[in-house]
Protein chains: 2
Amino acid sequence: MAQSSRERYRAQVRADIKGHAWEQIATAGVSALSLNAIAKQVGMSGPALYRYFASRDELITELIRDGYRSLADAVQAAAGTDLLELAHVIRDWARADPQRYFLLYGTPVPGYHAPADTTAISREVMVVLIEACAGTDGPPTPFDAHLEAHRDWIDGHPATAATLHRALSFWTRLHGVLSLELAGHFAGMGFDPALLVAEEVIPDQHRRSGITGSSL
Amino acid sequence: MAQSSRERYRAQVRADIKGHAWEQIATAGVSALSLNAIAKQVGMSGPALYRYFASRDELITELIRDGYRSLADAVQAAAGTDLLELAHVIRDWARADPQRYFLLYGTPVPGYHAPADTTAISREVMVVLIEACAGTDGPPTPFDAHLEAHRDWIDGHPATAATLHRALSFWTRLHGVLSLELAGHFAGMGFDPALLVAEEVIPDQHRRSGITGSSL
DNA sequence: TCCGTTGGTTATAGGTTCTAACCAAAGCGA
DNA sequence: TCGCTTTGGTTAGAACCTATAACCAACGGA
């Protein structure tokens, strides 16, 4: 609880290191992250940094953890709003630091396995999404039935399989547009990705309005 | 046309180098690609490789180009089939070598700009998708109207804005599921991503069948 | 005050990309 | 066949990187 002077100093230096690490990642990507460069920036030379992080991988793992935490905080702060608002919150969070988004959801490094707690934080995000999807079920689909048999991952959450399907779909569709947008694959096409996100995320409403009305 | 002996040798060595490079990328990711290791594998030591590729970045750029070409070939070989078949062709192509997929559509490196011809190959893929989407238009949406004003990127293709929208949506949805699947973000959830892809890619059919029928 | 823990240093090993300098061999025209 | 030019290879080395080892100063609690 009450930190000693040394613990406080240590925590502050670690935060300082992580701050400069985020800077480097934001400007040059995680592959260009250099412990030597960070050490110089925080005012110590080279190997001193290994007193605070055992290795480059451990520092990156810590950053990934903090990244998930930051995303979960942003999403939970918007809990209770509708899917469109949630999509914009997540998109804004990602666009504030694209390389941070890609650190979580970009190219995986083949050997690496995320620590267990990051998947727990991912679950927090998923729960907010599921909550927002509750009650927006459309007609049942074959995948809903399939999901009914594979819902252990959300383990005990009282949502229909159709709702889980909607949440999963929200996640994959948003990620689809967002990651292509942030990676620059829409460069040259002049359209506004936000508008595409809007229709991807609340899919049936627009298309079906005026056809089936509210007869569901 | 007729290559000289030297040109043939050079082309063969370059292909050999690229082959070993793909091996390394498939097993350890592009960030672990080592020119030294490749050189040893092809039997020459270190800097000799620079006679064939000016830099590591140039080799990677060449691999990216070949990757796009390979994807476009796979997609064009399936041209004329329906969207579900196209989705499976692309998914199978990606799953055959996930790191190759991520080389094209994964985390972008901040400084890097793809050469112009790769975007031209991307366009080839897009044209096949658009062709497959033709005639599957649903009711018009606001984004269709927006796309009508921003269709320069496909420049002269005689497709409705609604069709372009469907093709764009096909691309982003497939990429959304596929990249999360390949990155391992579905690990632990037991569902079959192929089923999710199927419903994402032919979105309205399943949901609407039995409601609006074929009244469109 | 003493002494262990902690946080810093420099030196060094082994890895990387890439350049420089040098050399051998292959191809080609006279 | 001779000789020159281009090409493909070598080794050496500069400038980075991660990470470890060895050493030392300074801080904190008994």
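Below, read A as the first sequence line, B as the second, and so on, with proteins coming before strands; counting in each chain starts at 1.
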Between [atom2] on [N] and [atom1] on [X], what's the gap in Å once rounded to a whole number?
| X | N | atom1 | atom2 | result |
| --- | --- | --- | --- | --- |
| A:R10 | D:dC27 | CZ | P | 17 Å |
| B:R8 | C:dA26 | CZ | P | 15 Å |
| B:R14 | D:dG8 | CZ | C1' | 14 Å |
| B:E7 | D:dG8 | CD | P | 10 Å |
| B:Y9 | C:dG27 | OH | C1' | 15 Å |
| A:M44 | D:dA25 | CE | C1' | 16 Å |
| B:R6 | C:dA24 | CZ | C1' | 11 Å |
| B:E58 | C:dC18 | CD | C1' | 13 Å |

All N/O pairs under 3.5 Å across the protein-nucleotides 15-19 of chain D interface:
unit_1, atom_1, unit_2, atom_2, d
D:dC17, OP1, A:S34, OG, 3.0
D:dT18, OP1, A:L35, N, 2.7
D:dT18, OP2, A:L35, N, 3.4
D:dT18, OP2, A:N36, N, 3.2
D:dA19, OP2, A:Y50, OH, 3.2
D:dA19, OP2, A:R56, N, 2.8

Verify whether one side chain among B:S179 and A:Y105 offers a donor that lies under 3.5 Å from an acceptor in the other.
no
Has the side chain of A:S70 got a donor or acceptor atom that lies under 3.5 Å from a matching backbone atom of A:D66?
no
Lys/Arg-Asp/Glu bridge criterion (N-O < 4.0 Å) met for A:E7, A:R10:
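Not counted as a salt bridge, because no side-chain N and carboxylate O are separated by less than 4.0 Å.
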For residues 180-189 of chain A, which side-chain N or O atoms pair as donor and acceptor with protein atoms under 3.5 Å away, sequence neighbours left out?
unit_1, atom_1, unit_2, atom_2, d
A:E181, OE1, A:R91, NE, 3.1
A:E181, OE2, A:R91, NH2, 2.8
A:E181, OE2, A:R95, NH1, 3.4
A:H185, NE2, B:L104, O, 3.3

Sequence-distant partners of B:S31, side-chain contact (heavy atoms from CB on, under 4.5 Å), two or more places apart
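Not a single residue meets the side-chain contact (heavy atoms from CB on, under 4.5 Å) criterion with B:S31.
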Quick check: on DNA chain C, is the nucleotide nearest A:G46 upstream (toward 5') of the one nearest B:S5, or the reverse? Name the residue that is more 5'.
A:G46
Pick from B:F143, B:W171, B:F170: which one makes a ring pair (Phe, Tyr, Trp, His ring centres under 6.0 Å) with B:H165?
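Exactly one pass, corresponding to B:F143.
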